[in-house]
2 protein chains.
Amino acid sequence: MNPTIHDVARQANVSISTVSRVVNQPLAVRKEKRDRVLQAIEQLGYEPNPFASGLRDRATKTIAAMIPDITNPFYAELFRGIEDIAREQKNNVIICNTDQDEARFLEYMSYFKKKKIDGLIFVSAAVTDAHHATFAELQVPVVLAATDGERFGLPYVKVNDYAAASDAASFLIKNGHRSIGVISGPADDPIAGIPRLAGFRDALAAYGLPHGANAVAYGTYDFDSGYEAMRKLYGTMPELTAVFAASDAMALGAMAFLQRRGMEVPRQISIIGFDNISLSRMVTPALTTVAQPVYEIGKQAAAMLFRRIGNPQDEAQSLVLGHEIVVRDTVWNRN
Amino acid sequence: MNPTIHDVARQANVSISTVSRVVNQPLAVRKEKRDRVLQAIEQLGYEPNPFASGLRDRATKTIAAMIPDITNPFYAELFRGIEDIAREQKNNVIICNTDQDEARFLEYMSYFKKKKIDGLIFVSAAVTDAHHATFAELQVPVVLAATDGERFGLPYVKVNDYAAASDAASFLIKNGHRSIGVISGPADDPIAGIPRLAGFRDALAAYGLPHGANAVAYGTYDFDSGYEAMRKLYGTMPELTAVFAASDAMALGAMAFLQRRGMEVPRQISIIGFDNISLSRMVTPALTTVAQPVYEIGKQAAAMLFRRIGNPQDEAQSLVLGHEIVVRDTVWNRN
DNA sequence: GGATTTTTTGAAAAGCTTTTCAAAAACAGA
DNA sequence: TCTGTTTTTGAAAAGCTTTTCAAAAAATCC
């Protein structure tokens, strides 16, 4: 049986209120007694029972992270950033793999309503009205990571996808490419689908390069869809010299397709990805990509969440983190 | 304010004891009243307060998973198995990245002592005496995943590493290889280091193939160490035609080294890995490897944990899951 | 030193559930 | 219908903390 606050009180010969104070607001109790109490706590190895305190003030020191799938390296790395901050703050984080499944999302949320959490980080998926309503019910701070919350006034931490994709285009153009294909995310994905495609195309247009519908194929960010998309793209546009993929996993899929067809990357076709997941440096040739500071996004989102938990009233500032192009070996310089 | 058991009792015109019974042992209350209570619960949207119940019976419906690093795809997949079972059981899982760091392990454990968990899954790292002592203090069931607990009588779920490595050797030999290098895990790792090396070497010996110390290099399971190990191995044994790596990540590292040196895999040097992480099929050529049923290991470990939580008294049966060789494109048939 | 203000302390209540034990109700048997 | 069993129910206690409020102690001021 663990020692309780009563045991400590008896040992130190004070009331339980005093013990509680020593634990929670040490300055409010006279040094002499405080030392006695501290010593008793030490001796008995007392730790406040979290259920009892939770029962009163409903702080759980636990946050939740909703993630599409921890098996995906991009999310794993982002999550790691969250966890590292949470540990610093002596909080636990409960992980929720939603698989982008509405039912599972709801299941988790109803769960959190009863088993309280102090805050929630929602990662990467587009926020719908339904989501937003559910967040509101939860009555705890919510922070978005790698997704946009503008529409609902939810604070977020992300990268400027439009600008990043635009930079990818410039990079390819500067390397002498003119006939460029795009493997985009889903056409209806407002987070990483639409803006990355738009940013890329607008940049092309700015350089006077038209970009027709036949130069883009759509995938779902994963390896297999990248493989398939590349097949389609190559079928309709065999003349292209470079491809921009809206995720590294798709870039890898595209590369695999090309290589297995006996094509040489980058000499015949160059590829640039997006995300800079850890795998991208492990393949050969190593993937050139637009790096999102994934780990940092997780960290900042968690930090923001804890700030909001501490000060629920003050406005949270969203954060747009910088991106950069990591030049490795999959883009050929044609100049 | 959430409705309490009292609100329900009042609404249904019964005592709180009855409501509690309806929630916990519905059969113990007469149908007529039970229906009234159920209806009241429905109407008010009552959910028992987990702190209050935790305060009494100290069940948290939360388990913890201790993992070296969720960023590593092998662990991520194993973890996913855990999480899927936990969700089925309406439990949450708290994730702990230990980074193989003793201090961090202890930090988490002391944390769990106070903030109760119902059980713990310890993944992949070797269990030391210190670990074991700490587990005992925790007073909750512990299950090991992808690591061995024989020495401490802890139940585990894993693969037979010795046999699996031995099969890898046979496979290489049957494909006509005679001069084979090994990239092993650390020489003092009793889990995946020693047995895989031993299994491999013993199989070689059984075929009458001597295997000297110069034919093995040691790494730490990750990509970079595989890269380095391959460099060393190639330096001392340029005549080798095949390499067995004790992890896919190291195999990928080895492959990268070879390819970047302009060597052709598998025509010049064949590679077989271990784990079958999802990346292994994404590289080109796709990696031939000894598959551990990683996801299944996680699932079974979690299932075993919940069984033990339910019946703490009965002996837990450890589980040895089967492995298989996934033949892809990195082993050349020399026959 | 005595009156007054400030600081420190303790008793008790509140937070919500589960379970024990005894009482009440239902049932069975004659 | 009455007695004896069995089933169902409710009151109350236990589980442990934080916080409020009032009392006690200390400090301050004339």
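Reminder, nothing fancy here: chain letters follow the sequence lines and each chain counts from 1. Since we're looking at a predicted model, the values are computed, not measured.
Salt bridge annotation for B/R80-A/D69: present, with a cationic side-chain nitrogen under 4.0 angstrom from a carboxylate oxygen. A salt bridge between A/R30 and A/D35 is absent, with no side-chain N of the basic residue lying under 4.0 Å from a carboxylate O of the acidic one.
For A/Q89 against A/N91, the heavy-atom pair with the smallest separation is O-ND2, 2.9 Å. In this structure, A/K158 and A/T147 approach most closely via the heavy-atom pair CD-O, 3.5 Å. The shortest heavy-atom contact between B/I85 and B/K299 is CG1-O, 3.6 Å. What you find for B/G149 and B/Y156 is that their closest heavy atoms are N-CD2, 3.4 Å. Closest of all the heavy-atom pairs between A/A76 and A/I70 is CB-O, 3.5 Å.
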From CA spacing to verdict: side-chain hydrogen bond (donor to acceptor under 3.5 Å, both in side chains), A/H131, A/T134: CA-CA 5 Å; A/H131 285 138; A/T134 322; over 6 Å; no
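Atom-to-atom, CZ of A/F51 to C1' of C/dA14 comes out at 19 Å; the value is rounded to the nearest Å. Counting to the nearest Å, the C1' atom of D/dT20 and the CZ atom of A/R21 are 10 Å from each other. Here C/dT17 presents its P atom at 16 Å from NZ of B/K61, a figure rounded to the nearest Å. Distance CG (A/L55) to P (C/dA13): 17 Å, rounded to an integer number of Å. Atom P of nucleotide C/dT18 and atom CG of B/N24 are separated by 4 Å, given to the nearest angstrom. Distance, A/L27 CG to C/dT8 C1': 13 Å, rounded to whole Å. A/I16 has its CD1 atom 15 Å from the P atom of D/dT20, to the nearest Å. Between the CG atom of A/N13 and the C1' atom of C/dG10 there is a distance of 12 Å, given to the nearest Å.
At a cut-off of 3.5 angstrom, the base of C/dT18 holds at least one donor-acceptor pair with the side chain of B/R56.
Less than 4.0 Å separates DNA chain D from at least one heavy atom of each of the following residues of residues 28-46 of chain A: A/R30, A/Y46.
Remark: DNA chain D takes part in the stems C:1-30 with D:1-30, each of 3 or more antiparallel Watson-Crick or G-U pairs, criterion distances under 3.5 Å.
Phosphate proximity of C/dT17 to B/N49: absent, as no side-chain N or O sits under 4.0 Å from OP1 or OP2. Side-chain nitrogen and oxygen atoms of A/S15 include at least one within less than 4.0 Å of the OP1 or OP2 phosphate oxygen of C/dG10. Contact between the side-chain N/O atoms of A/T18 and the OP1/OP2 oxygens of C/dG10 is found at a separation under 4.0 Å. Within the 4.0 Å cut-off from OP1 or OP2 of D/dT18, at least one side-chain nitrogen or oxygen of A/S20 is found.
Contact annotation for B/S17: base contact, defined as any heavy-atom pair under 4.0 Å involving a base atom.
For the residue pair A/D189 and A/Y221, a side-chain donor N or O sits within less than 3.5 Å of a side-chain acceptor on the partner.
The aromatic ring centroids of A/F122 and A/F135 lie less than 6.0 Å from each other.
Nearer the 5' end of DNA chain D, as judged by each residue's closest nucleotide, is the contact made by B/V14, out of B/V14 and A/A52.
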